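In listed order, ligands and their atoms are each counted from 1. A quick note: this is a predicted structure, and the numbers were derived from the prediction, not measured.
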Amino acid sequence: MSISDSFPFPLICAPITNSGADAFLAAIYNAERSADAVELRFDYLPAESLQQALTGLRSGAGRIGKPLILTFRPREQGGDRELTLRDRRDFWRGLPPEIGAAIAFADFELDLVESFAGEQPPVPWSKVICSWHDFAETPYDLIARYERMAGAPAAVVKIATQANSISDCLRIFELIEHAKGKKPVIALAMGLPGLMTRALALSRGAMLTFGSLRRGAESASGQPTVAELRNLYRVKELSRDSEIFGVIGNLVGHSRSPLMHNAALKSLNRDGVYLPFEVDDVDSFVRGFVHPKTKKLDWNLRGLSVTIPHKLAIIPYLDFVDATAKAIGAVNTVVIEGDELHGYNTDVIGAMKPLEELVDAHGARVAVIGAGGSARAICYGLSRRGAGVTIYARDLKKAQPLADEFKTRTVSLESFKGGADVVINCTPIGMRGHSEGQSPIKAESLKSVKLVYDLIYTPEETALLRDARQAGCRTLGGLAMLVGQAAEQFRLWTGFEAPVDVMWRAVSSRSE
Ligand code: NAP
């Protein structure tokens, strides 16, 4: 009988990392409700709490309805305690038999497995996961390492490595592929660049993936929560053929795009997922994962959002760039069309559509505040609709090229006194974490303005929008553009109209 006959693989496993015995035991019952398996990280418990937790478990372990994995890891291998090999052997040898019988698996680090060679192990080898961790890098010899570990009598091989770059994920996927039909494998890359291994491992044949019970309770870096794995990325519903979408950027951990696109995919019952891809080197990512002619990963990647700092860097890799993206010199969307990569910019339509639902841009006097990337998309959209644009900037010299390009004028931001039908803030002034509570212009200057549009979306109501509301202007916040550009991306990738209300709810329900 193989292990998968006794356990319904694949599993989402929640590690318990509390340091007090009562909280540790309570967390197990909490984890049992959301996860498929629970890892008891006994190394997180100080000596006195450990005995208390063992006592609590002796009576309760048999009643826990989910498979339990017991781990007692030394600090140098990713654990939370200074433990010698002797300490670890003594712990396992002294494990109460009721607990040994109740657990599904014991995680023995490779050196511990080797130390028990030729002896009767403290738990049967059929219950042992042989684990190995590398917190510095993802080495190139993972398959050879797997083979060596699989030669030990343990039932499962676990290899977890640090992803220093997203390209490291390729070696984890190669390992999972290699292990097919052999000893079950748990393989993952830690760190934000490794997230795709955690989200896609199950669909590619790994036995389990780890999810924390809440933010702050992770047992390793880059670990998503159980709720994210199950409800946002829907990792247990994915197969090798599922459509993959994602956002490439550097610091994509806070991107709201996964919330919007995954909600949209789910609501349309599409077999697909949208993931954040932390990419430092566009060249190796495109060659290794994206371009159908060169990619090394056999997956059904359908499209990408592109964000800071790659909106320009992606262009040389594209087989086609649409006119809008060419005109504003930035691509925020890649569609995989057959063997080709096509680039688009949906920021213009995303920004203009909500604006035009409220005012007629043709002939309107529009004050654009700021002269950076989003101002460029806005100026392009406004110039095509025949609006009269004035750019207000703190640095007129820097703003001049934009004004020249769109045949408009630049005025010092300080001298803004009103006289516009529409005001659009394209600066970060007022943004949470930047200058929340501040406004780029004085409230008095808003009196005769019809619409004030702030591209910032955290907070949803900026100081500028609050002043505008109080002055009786119509207001529009940055979520409208965020959802609008994403909806257009969704349409380009799938050919279907995006469920805009679903995307809007998904993104605005997230606490700020
Ligand atoms: P960007 O390219 O860096 O441009 C920022 C502009 O703001 C520059 O012209 C900059 O002037 C100006 N600026 C910055 N700090 C200023 C200050 N204290 N006083 C006066 N001007 C200042 O940024 P971006 O991509 O255009 O983004 C701008 C804002 O729009 C951000 O807050 C972003 O969150 C928001 N945004 C929202 C969406 C959405 O979907 N809702 C999309 C894109 C952007 P200098 O050149 O002199 O530094």
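- Of all atoms in ligand 1, listed by their number and element, those nearer than 4.0 Å to a heavy atom of Met431 are 32 (O), 34 (O).
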Which atom pairs, one a donor and one an acceptor, fall under 3.5 Å between side chains of residues 321-330 and the rest of the protein, sequence neighbours left out?
residue: Asp322; atom: OD1; partner: Ala325; partner atom: N; Å: 3.0

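- Considering backbone and side-chain N/O atoms, Gly370 never comes within less than 3.5 Å of an N/O atom of ligand 1.
- For atom 5 (C) of ligand 1, the candidate residues are Pro440, Cys426, Ala330; the nearest heavy-atom contact is made by Cys426.
- The single protein non-hydrogen atom nearest to atom 19 (N) of ligand 1 is Ile429 CD1, 3.1 Å, given as residue, atom name and distance.
- Within 4.0 Å of atom 28 (C) of ligand 1, at least one protein heavy atom is present.
- Geometrically, Arg198 does not engage Phe210 in a cation-pi contact defined by less than 6.0 Å to the ring centre and at most 45° from the axis.
- Taking a distance limit of 4.0 Å, we find that atom 3 (O) of ligand 1 is approached by no protein heavy atom.
- Among residues at least two apart or in separate chains, salt bridge (charged side-chain N to carboxylate O under 4.0 Å, His left out) pairs with a member in residues 465-492 are Glu461-Arg469, Glu488-Arg491.
- Atoms of ligand 1 found under 4.0 Å from any heavy atom of Ile456 (numbered from 1 in listed order, with element): 32 (O).
- Close N/O approach between Arg394 and ligand 1 is found [any backbone or side-chain N/O within under 3.5 Å].
- Judged by distance alone, the side chain of Trp493 and the main-chain N or O of Val334 form a donor-acceptor pair under 3.5 Å.
- In this structure, atom 23 (O) of ligand 1 is not in close contact with the protein, since no protein heavy atom lies within 4.0 Å of it.
- Within ligand 1, the atoms closer than 4.0 Å to a non-hydrogen atom of Leu482 are 40 (O), 41 (N), numbered from 1 in the order shown.
- Remark: ligand 1 atoms within the under-4.0 Å shell around heavy atoms of Gly478 are 39 (C), 41 (N).
- A donor-acceptor pair is defined here as one N or O able to donate and one able to accept, closer than 3.5 Å; no such pair exists between the side chain of Gln77 and the backbone of His133.
- Within the listing of ligand 1, atoms 45 (P), 46 (O), 47 (O), 48 (O) sit less than 4.0 angstrom from a heavy atom of Lys398.
- Summarising the contacts of atom 8 (C) of ligand 1 with Ser435, Gly372, Ala393, Ser374, the nearest heavy atom is found in Gly372.
- Counting only non-hydrogen atoms, the option in Leu479, Leu455, Val483, Thr458 that gets closest to atom 41 (N) of ligand 1 is Leu455.
- Considering each of Gly477, Ala399, Ala371, Pro428, the one bringing a non-hydrogen atom nearest atom 9 (O) of ligand 1 is Ala371.
- With 3.5 Å as the limit, one finds no donor-acceptor pair spanning the side chains of Ser239 and Asp241.
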